[in-house]
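Below you'll find the structure, written out as structure tokens, and then a few comments.
Residue numbers begin at 1 in each chain, while the letters A, B, ... track the order of the sequences. Just so you know, these numbers use all the heavy atoms, side chains as well, and skip hydrogens, waters and symmetry mates.
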Amino acid sequence: MIEKQLKKWFSTQLLDWHATQNKRTMPWKGIKDAYRIWLSEIILQQTRVQQGLDYYRRFTENFPNIHALAAADETLIFKLWEGLGYYSRCRNLIITAKYISKELGGQFPRTQEGLLALKGVGNYTAAAIGSFAFGLPLAVVDGNVMRVLSRFLGIKEPIDQPAGKKIFEQHAAEMLGKADPALYNQAIMDLGATICKPQQPDCQDCPLRKKCHARVHDTQSHFPVKSKKILQKNRFIHYLLVEADGSMLVRQRKGKDIWQDLYEFVLIEKDEPADEADLKKAGFWGGSRQKQTIIDISGPFIHQLTHQKIHARFVHVKLEKKIPWEGYEWMEFKKIKSLAFPRLISRYLDRHFM
DNA sequence: AATCCGGGGGA
DNA sequence: TCCCCAGGATT
């Protein structure tokens, strides 16, 4: 149980800092439009504000309201999401837009349970939408909040385990300044992002420094505690860009692997990297084909993901005419430009094609 | 509870 | 390199 006095001091200091010192500005800050708040929160999941800004701008320009998004072409939505990562967010965005537009008449749920029922909306996002749009007394718990609270209260529960996460949610709910939940939530996240940073926090500028456990004990770097280390896998993928008559072979990725719903070219994955001689053999790509001209063989691209290190090479070949290719379809250049590709591929395309 | 899902930027 | 970002879904 946290002392009432301490909670009061915490939120008072926080809100005073927010009103007088906090210079952070963002397009969605302070607005009450649930659609735009939801959109910004989905974009910002595990994504830095700086990285999300342009995506937010493009989405709001193309889809000014929930009905516009619900009625939009999926391919275009994915194209606008291209490069942002975590593509299931985009899939869920589409599902939720249609659901709210068609089933709820365009009105967002105004309760925590209703918000949590939306695809792609978890505890954090439900609290964010609920407090920002509707003033519900729900405490947001994101990476910023857990860092601030772990340091201030000296909480050593690991933030990357469900049990620890629950502890933080309980503390966050208790600390929440209920007079203005939206303002409080905004303030604590901004403080975490600009002052109480992961490395080298600016404690001298922090309004909470006098009673901060980590500051008092000079143990800022010990918080928050994480228990797991991420295992990484190496993958060796080779893309054959088959061109004929102004078209190329592509397919949409399905299944549980990375890049679900995005497009790709003819994929050959091996346990080891292929050398240039392999890449020139038709057999490497699955059988003998008609006469082909190799236009380009790229050097290795390294593409680093959270759980995987991908080693990729591209081979661009030209055929005299289009032939069927199991699992892939021929698509004109013009249409290819409207498809969403993984960053790995779009980087190659930017450099060699479009 | 453990694991997976992207891409980028800062130290 | 490593860390971590306005997390959530799946297994």
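- Listed by residue number, the members of residues 152-183 of chain A with any heavy atom below 4.0 angstrom from DNA chain C form an empty set.
- Side-chain atoms of Ile100(A) and Phe108(A), non-hydrogen and from C-beta on, do get closer than 4.5 Å to each other.
- DNA chain B lies under 4.0 Å from no heavy atom of any residue of residues 123-143 of chain A.
- The main-chain N or O of Tyr348(A) is never found under 3.5 Å from a side-chain atom of Arg351(A) such that the two would form a donor-acceptor pair.
- Nucleotides dG8(C) and dG9(B) are separated by 23 Å at their P atoms, to the nearest Å.
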Ring pair (Phe, Tyr, Trp, His ring centres under 6.0 Å) evaluation trace for Trp28(A) with Tyr56(A): CA-CA 9 Å; Trp28(A) 49 82; Tyr56(A) 177 80; 5.0 Å; yes
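- Salt bridge annotation for Arg347(A)-Asp350(A): absent, with no cationic side-chain nitrogen under 4.0 angstrom from a carboxylate oxygen.
- On the C1' atoms, dC4(C) is 15 Å away from dC5(B), given to the nearest whole Å.
- For Asp202(A) and Lys197(A), the salt-bridge test passes: some basic side-chain N is under 4.0 Å from an acidic carboxylate O.
- For the C1' atoms, the distance from dG6(B) to dC3(C) is 15 Å, rounded to whole Å.
- Panel note: side chain Arg251(A), backbone Leu267(A); no donor-acceptor pair is recorded below 3.5 Å.
- Among pairs with a residue in residues 214-233 of chain A, none fulfils salt bridge (charged side-chain N to carboxylate O under 4.0 Å, His left out), at least two apart in sequence or across chains.
- Between the side chains of Gln308(A) and Arg235(A), at least one donor-acceptor pair of N or O atoms lies under 3.5 Å.
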Base-pairing string, 5' to 3', of DNA chain B - Watson-Crick or wobble, under 3.5 Å, | interstrand: |||||.|||||
Steps toward side-chain hydrogen bond (donor to acceptor under 3.5 Å, both in side chains) verdict (Glu41(A), Tyr124(A)): CA-CA 9 Å; Glu41(A) 295 301 345; Tyr124(A) 164 79; 2.7 Å; yes
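- Defined by atom type and a distance below 3.5 Å, a donor-acceptor pair is missing between the side-chain atoms of Arg151(A) and Thr219(A).
- Remark: the backbone N or O of Gly83(A) is paired with a side-chain donor or acceptor of Tyr87(A) at under 3.5 angstrom.
- Within the structure, the ring pair (Phe, Tyr, Trp, His ring centres under 6.0 Å) test picks out the following pairs touching residues 230-255 of chain A (sequence neighbours left out): Phe236(A)-His311(A), His238(A)-Phe284(A), Tyr239(A)-Phe314(A).
- Applying the salt bridge (charged side-chain N to carboxylate O under 4.0 Å, His left out) test to every pair with at least one member in residues 108-127 of chain A, sequence neighbours left out, gives no pairs at all.
- Arg147(A) comes within 4.0 angstrom of the backbone, heavy atoms only, and of no base.
- Heavy atoms only, all atoms of each residue included: Phe134(A) and Pro109(A) are closest at CE1-O, 3.2 Å.
- Judged by closest nucleotide on DNA chain C, Met189(A) is the one of Met189(A) and Asn92(A) placed further toward the 5' end.
- Screening residues 158-174 of chain A for side-chain hydrogen bond (donor to acceptor under 3.5 Å, both in side chains), with sequence neighbours left out, gives Asn123(A)-Glu169(A), Asp160(A)-Ser227(A), Gln161(A)-Ser227(A).
- When atom types are taken as modelled, the side chain of Thr96(A) and the backbone of Leu93(A) share no donor-acceptor pair closer than 3.5 angstrom.
- Taking a 4.0 Å limit (strictly below) on heavy-atom distances, residues 221-235 of chain A reaches DNA chain B at Lys228(A).
- Phe341(A) and Phe265(A) have their aromatic ring centers within a separation under 6.0 angstrom.
- Annotation: salt bridge (charged side-chain N to carboxylate O under 4.0 Å, His left out) contacts involving residues 72-82 of chain A, sequence neighbours excluded, comprise Glu74(A)-Arg91(A), Lys79(A)-Glu82(A).
- Val145(A) comes within 4.0 angstrom of nothing in the nucleic acid, heavy atoms only.
- The residue Trp81(A) sits apart from the nucleic acid: no heavy atom pair falls under 4.0 Å.
- As rounded to the nearest Å, dA9(C) and dG8(B) have C1' atoms that lie 23 Å from one another.
- Near DNA chain B, meaning a heavy atom under 4.0 Å from it, residues 110-119 of chain A has no residue at all.
- Taking the six-membered ring for Trp and the full ring otherwise, Phe10(A) and Phe152(A) have centroids separated by under 6.0 Å.
- A donor-acceptor distance shorter than 3.5 angstrom exists from the side chain of Ser131(A) to the backbone of Ala128(A), with no hydrogens or angles considered.
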Base-contact (B) and sugar-phosphate-only (S) positions in nucleotides 6-11 of chain B, heavy-atom cut-off under 4.0 Å, - elsewhere: BBBB--
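- The nucleotide range of DNA chain C contacted by chain A, defined by atoms under 4.0 angstrom from heavy atoms of the protein and reported 5' to 3', is dC3(C) to dT11(C).
- A donor-acceptor pair is defined here as one N or O able to donate and one able to accept, closer than 3.5 Å; such a pair exists between the side chain of Gln13(A) and the backbone of Pro207(A).
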